[in-house]
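Here's the structure we're looking at; comments come further down.
Note that this is a predicted model, so its numbers are computed, not measured. Residues: numbered from 1 along the sequence shown.
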Amino acid sequence: MKIVHTVKELQEKLVEAKQTPKIVFVPTMGALHEGHLELVNEAFKIKDVYVVMSIFVNPTQFGKGEDFDRYPRTLEADVEKLSALANSPDLLFVPDVHEIYGDGEPEVSTPRAGAVGVVFEGASRPGHFDGMLHIVSWFFRTIEPEIAVFGAKDAQQVYLIKRMVHREFKDSIEIVELETVRETDGLGKSSRNRFLSSEGRAFAPFIFESLSLVEKDIQGGMQPSLALEKARKAFEGQPLAKLDYLALVDKSTFQPIADDFAGLAQLLVAVVVEGVRLIDNITFSIQEPA
Ligand code: PAF
């Protein structure tokens, strides 16, 4: 695994990479856990690949008062984890903020997220999705991958990236969405889980349990709106957690669904546990009533 820090070095290595049939890109913000390592393993399941990973904590996707400064930066441990893989990425790009944004305050040149960018995660994190799309688009234009791999836990992010690839990259990049990797008790793996106290950590599996229960209720014939209401009430009884949203959307449009919806639905949740924002989602199919 070759590690580079500058765009110049990246571009030099990419000349070599272009000899390989497929460049697969795995963007991350570091603080790598098993979920990230699974993204790399997934990339290597594809034949004849050159895998580029980035580690970059992107300032423009953090709002004022968010955890940009506190976001874990663990490069040494990350490199160790990647080096221990049976297949490590061929290239690890670790730029600093100036390398990407130049001098001055980092800014987003083109807002892209639109209406989907201001609901759910976007409502609580203004500007987050424009900042995220800005950096992902920068990486796509610079690295020109054939394929990019993302974790399904960030459902809204994946939706917006797929839409951007369609609108701006003529679908020239295949987006692979990898199922959320979970702890044995169901909690989705996240770099932020480390900030939970033991009480917070003990509570956290409740989030995935609640999603699973909503699905079970709906599959058992309960109206989606009633199943959501029941789950929201259950969160109200949890002293450690503040529910931000629990919503069911049509996976293909990211629009909230009505009770008569049939098709592939995505159930989204964001909960703040002791000041730590945790998100999760599950996808399931809702059949038309017989
Ligand atoms: O999901 C993340 O870690 C980030 O949003 C990404 C895609 C690496 C962009 O900074």
Side-chain angles (χ1 to χ4, degrees), residues 28-39 55 57-59 61-78 80-81 119-129 131-132 150-158 178-217 227-249 266-284:
T28 78
M29 298 204 299
L32 302 181
H33 51 69
E34 268 172 60
H36 296 111
L37 303 181
E38 274 310 308
L39 299 179
I55 293 185
V57 185
N58 171 38
Q61 67 187 78
F62 289 80
K64 282 196 179 68
E66 284 194 339
D67 56 356
F68 175 68
D69 292 329
R70 196 165 85 111
Y71 200 86
R73 283 143 172 101
T74 57
L75 185 58
E76 215 173 296
D78 291 349
E80 255 174 50
K81 287 178 190 166
V119 292
F120 308 127
E121 280 309 283
S124 294
R125 308 187 62 191
H128 167 68
F129 287 116
M132 179 281 293
F150 293 86
K153 189 161 71 63
D154 295 288
Q156 203 167 353
Q157 164 167 291
V158 173
L178 188 70
E179 213 179 295
T180 302
V181 177
R182 301 185 178 280
E183 304 289 352
T184 46
D185 59 14
L187 174 64
K189 296 217 181 214
S190 162
S191 307
R192 291 188 169 101
N193 290 350
R194 70 188 70 196
F195 295 132
L196 295 170
S197 72
S198 53
E199 288 82 15
R201 177 63 189 81
F203 160 77
F206 181 82
I207 301 169
F208 179 60
E209 283 161 23
S210 306
L211 295 181
S212 307
L213 187 58
V214 172
E215 178 184 359
K216 193 163 163 251
D217 282 343
L228 289 175
E229 213 29 61
K230 181 181 154 200
R232 287 189 191 113
K233 284 224 170 71
F235 272 102
E236 278 167 22
Q238 299 298 328
L240 286 184
K242 192 174 169 316
L243 179 67
D244 183 357
Y245 59 81
L246 176 72
L248 253 178
V249 296
Q266 204 160 25
L267 176 60
L268 316 168
V269 69
V271 186
V272 180
V273 181
E274 304 173 311
V276 183
R277 186 174 182 82
L278 301 177
I279 61 170
D280 203 348
N281 71 83
I282 56 173
T283 297
F284 56 92

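- A donor-acceptor pair is defined here as one N or O able to donate and one able to accept, closer than 3.5 Å; such a pair exists between the side chain of Gln156 and the backbone of Glu121.
- The existence of a salt bridge linking Asp280 and Arg182 is confirmed by a sub-4.0 Å separation between a basic side-chain nitrogen and an acidic carboxylate oxygen.
- Electrostatic pairing of Arg232 and Glu229 counts as a salt bridge here, judged by a charged N lying under 4.0 Å from a carboxylate O.
- A 4.5 Å side-chain heavy-atom check between Leu278 and Val269 finds every atom pair outside the cut-off.
- Put simply, the side chain of Asp78 gets close to the backbone of Ala31: a donor and an acceptor are under 3.5 Å apart.
- Put simply, CG on Leu37 and NZ on Lys81 are 7.0 Å apart, with the number rounded to the nearest 0.5 Å.
- The heavy-atom pair separating Phe129 from Gln157 by the smallest distance is CE2-N, 3.8 Å.
- Closest of all the heavy-atom pairs between Gly131 and Gln61 is C-CB, 3.9 Å.
- Taking the side chain as every heavy atom from C-beta outward, Phe284 and Leu248 approach each other to under 4.5 Å.
- In this structure, CG in Leu228 is found 6.5 Å from CG in Leu267, a value given to the nearest 0.5 Å.
- You'll find the side chain of Asp67 stays beyond 4.5 Å of the side chain of Arg277, heavy atoms only.
- Taken from CG in Leu211 to NZ in Lys216, the straight-line distance is 14.5 Å, to the nearest 0.5 Å.
- Remark: side-chain polar atoms of Lys153 are not paired, donor with acceptor, to backbone N or O of Ser190 under 3.5 angstrom.
- Taking all atoms of both residues into account, the shortest heavy-atom contact from Met29 to Asn58 is SD-N, 4.0 Å.
- In this structure, the side chains of Gln238 and Val271 stay at 4.5 Å or more apart for every pair of heavy atoms.
- Side chains of Phe120 and Ile279 form no contact here, defined as non-hydrogen atoms less than 4.5 Å apart.
- Of all the heavy atoms in Ser191 and Gly30, the pair that sits closest is OG-O, 3.8 Å.
- Side-chain atoms of Asn193 come within 3.5 Å of backbone atoms of Gly188 as a donor-acceptor pair (strictly under, hydrogens ignored).
- Taking OG1 of Thr74 as the reference point, atom CD of Glu80 lies at 10.5 Å (rounded to 0.5 Å).
- Because its NZ or CZ atom is not both nearer than 6.0 Å to the ring centre of Tyr71 and within 45° of the ring axis, Arg194 does not count as a cation-pi partner of that residue.
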For Phe62 and Val57: C-alpha separation, side-chain torsions, deciding distance, then whether side-chain contact (heavy atoms from CB on, under 4.5 Å) applies. CA-CA 9 Å; Phe62 289 80; Val57 185; 3.8 Å; yes
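- Listed here is the closest heavy atom pair of Ala155 and Asn281: CB-ND2, 3.6 Å.
- The closest side-chain heavy-atom distance from Glu38 to Lys189 is not below 4.5 Å.
- Between His36 and Thr28, the closest heavy-atom pair is CD2-CG2, 3.8 Å.
- When the shell of 6.0 Å around NZ of Lys242 is examined, it contains 12 or fewer heavy atoms from other residues, nucleotides or ligands.
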Report all side-chain donor-acceptor pairs from residues 199-208 shorter than 3.5 Å, counting only partners two or more places apart or in another chain.
{"from": "Glu199", "atom 1": "OE1", "to": "Ser197", "atom 2": "OG", "distance (Å)": "3.2"}
{"from": "Arg201", "atom 1": "NH1", "to": "Asp185", "atom 2": "OD2", "distance (Å)": "3.0"}
{"from": "Arg201", "atom 1": "NH2", "to": "Asp185", "atom 2": "OD1", "distance (Å)": "3.2"}
{"from": "Arg201", "atom 1": "NH2", "to": "Asp185", "atom 2": "OD2", "distance (Å)": "3.0"}

